[in-house]
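Only a predicted model underlies this, so the values are computations on that prediction, with no experimental measurement involved. Letters A, B, ... are given to chains in the order of the sequence lines, protein chains preceding strands, and every chain is numbered from 1. Values reported hereafter were calculated over all heavy atoms of this structure, with side chains retained and with hydrogens, waters and symmetry mates removed.
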Number of protein chains: 2
Amino acid sequence: MLFNPQARVCAECGIRKHALFGSLDLSALDRIHVHIASVRLEPGQPLYAAQISGAAAFTVRSGVVRLERTNERGERRILRLAGRGDTLGMEAMLGQSYAADAVACTEVEVCRLPRSLVEDLTKDQIELARDMMRRWQRALDDADEWLTELCAGPARHRMLRLLLKLSEFADGSEVWLPSRLEMSAMLDMTIETASRIVSQLKREGILDAPDQRHAILHMPQLLAALREEASD
Amino acid sequence: MLFNPQARVCAECGIRKHALFGSLDLSALDRIHVHIASVRLEPGQPLYAAQISGAAAFTVRSGVVRLERTNERGERRILRLAGRGDTLGMEAMLGQSYAADAVACTEVEVCRLPRSLVEDLTKDQIELARDMMRRWQRALDDADEWLTELCAGPARHRMLRLLLKLSEFADGSEVWLPSRLEMSAMLDMTIETASRIVSQLKREGILDAPDQRHAILHMPQLLAALREEASD
DNA sequence: CGCAGGTTTGACGACAGTCAAGGCGAGTGG
DNA sequence: CCACTCGCCTTGACTGTCGTCAAACCTGCG
């Protein structure tokens, strides 16, 4: 049935139901996936850069990608994180340049979705347009949530919310733990404050760090700590 | 040519080029606008509420609308502002409930775009789908900008950025000045801090307030103040 | 071994939150 | 007309959180 090798890979992809072309049938998939490429990134590698006029969007198959911007004062600010099933750089589909830098936080696998593909498809495949709209709305929801949860309140509270969010991206029992520098950019605090809070949370038994880049979250304690704050 | 009275109003609308159906020709407009209603709101009136399963999106024709959320601790946080030409509540087009509260800040005129309309249209009007995608991307860009500009750095800096943003929404020389409570929700600070900073900026001649709800911004001084901070 | 990069910890100070009092304007009722 | 209240804004004094500066530490690596 499926002649294109990449189409076969995609058909077996664990996240296809959640990915951009999840609404298409297999034969359509076969035609489409001629153009789709799988990309692999090491931690720290850029996926794309702000201002660049890109020709593709990307769907994350595994790992965590951060979206970040540099403001006029040269300070980097992490806007949000994207994980499995999230789509990045959709502005490219509109012929716009990327609005932010996208950088791999962990080992990352993404599917590259060239702009031309969508341009051709939208002519007859209306379901795809709908799918893309759902993705846009999702990204916007994420942005709103990030703003309310990770930008407001005292430093400790923002850190607890971040840990909660990181647990959403976890494969197994260990979550990816950002560097203190990355945390500080996500939560608008200094690396010293981030370090102090993480140390404190370790002492409180909310979190263990087997190594520098991973953590084991003790969810009951974490949730209890968040509830405790809310009651104050 | 145009039989529908609302279509005539729309054809003459100053922002039609920038509005959702700007890409359609006049005869298409005539068919469409049977369903479109103009809505007028007073300051403080809600346009829609979070969690409600809405049946329409809205395009702002005049005035300023704020999007806000209440977190689990009962604190309201303003996510962003929308002005002329911006579109709100597009999640309704996907059959989702509204993700935030939308409340009029000033006198507001919006066009109501029922979900059914878009559902019918997307079948043959591919340009509309494209238009909607552009809008989604724009909303996402706004969210990113809000995050980088209004959530980071010292309180004074955030206030200056807010004033700059408010100037984008101005009709004439006067800008709408939010209440201190609203400012505090936008910038994640207390109303006391907001009040102190605004008073200070008045003393510095960056801003004059003829009345409580309006301000005259002295842009050269404002921009100078922002540059001054960047150099530190 | 020494170096570099990231992390942790401490001391100190400043910015912003908290608590409290007072002012101003609009609307209400005597 | 004045007294009164109410909501919102302003200002002050004090406190605490968090940023700044600095030193020490750990780990991997040449």
Over 12 foreign heavy atoms within 6.0 Å of CD, A/Glu168: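 Correct, the count exceeds 12.
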
B/Asp208, CG atom: more than 12 neighbouring heavy atoms under 6.0 Å: yes

A/Gln137 and A/Arg134: side chain donor to acceptor below 3.5 Å: no

Pair A/Glu182 + A/Arg66, salt bridge at N-O below 4.0 Å: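 A/Arg66 and A/Glu182: salt-bridged.
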
Ionic contact status for B/Glu145 with A/Arg69, cut-off 4.0 Å: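 Judged by the 4.0 Å cut-off on N to carboxylate O distance, A/Arg69 and B/Glu145 do not form a salt bridge.
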
Polar-atom pairs under 3.5 Å, protein N or O versus N or O of nucleotides 16-18 of chain D: list them with distances, or write none.
{"residue": "D/dC18", "atom": "OP1", "partner": "A/Ala155", "partner atom": "N", "Å": "2.5"}

Polar side-chain atom of A/Arg161 near backbone of A/Glu149 as donor-acceptor pair, under 3.5 Å: no

Below 4.5 Å, heavy atoms only, C-beta onward: do [X] and [Y] meet side chain to side chain?
X	Y	answer
A/Leu147	B/Cys151	yes
B/Arg180	B/Val198	yes
A/Gln221	A/Glu204	no

Presence of A/Arg213 side-chain N/O under 4.0 Å of D/dG28 phosphate oxygens OP1/OP2: no

Between [atom2] of [N] and [atom1] of [X], the distance in whole Å:
X	N	atom1	atom2	value
B/His157	C/dA16	NE2	C1'	17 Å
B/His214	D/dC9	NE2	P	14 Å
A/Met183	C/dT7	CE	P	9 Å
A/Leu181	C/dT7	CG	P	8 Å
A/Lys202	C/dT9	NZ	C1'	13 Å
B/Ile191	C/dA16	CD1	C1'	14 Å

Restricting both atoms to N or O, compile the protein contacts to nucleotides 21-25 of chain D shorter than 3.5 Å, with distance only.
{"residue": "D/dC21", "atom": "N4", "partner": "A/Glu192", "partner atom": "OE2", "Å": "3.2"}

Sugar-phosphate only, base, or nothing, as touched by A/Ser199 at under 4.0 Å among non-hydrogen atoms: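 Sugar-phosphate only.
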
Aromatic plane relationship, B/Tyr48 with B/Tyr98 - under 30° parallel, 30 to 60° tilted, over 60° perpendicular: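 If you compare the ring of B/Tyr98 with that of B/Tyr48, the planes turn out parallel.
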
Where B/Ala143 and A/Leu140 come nearest, the two heavy atoms and their spacing: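 Looking at all heavy atoms of both residues, the shortest contact is CB-CD1, 4.3 Å.
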
What does the list of N/O pairs under 3.5 Å between the protein and nucleotides 21-27 of chain C look like, with a distance for each?
none

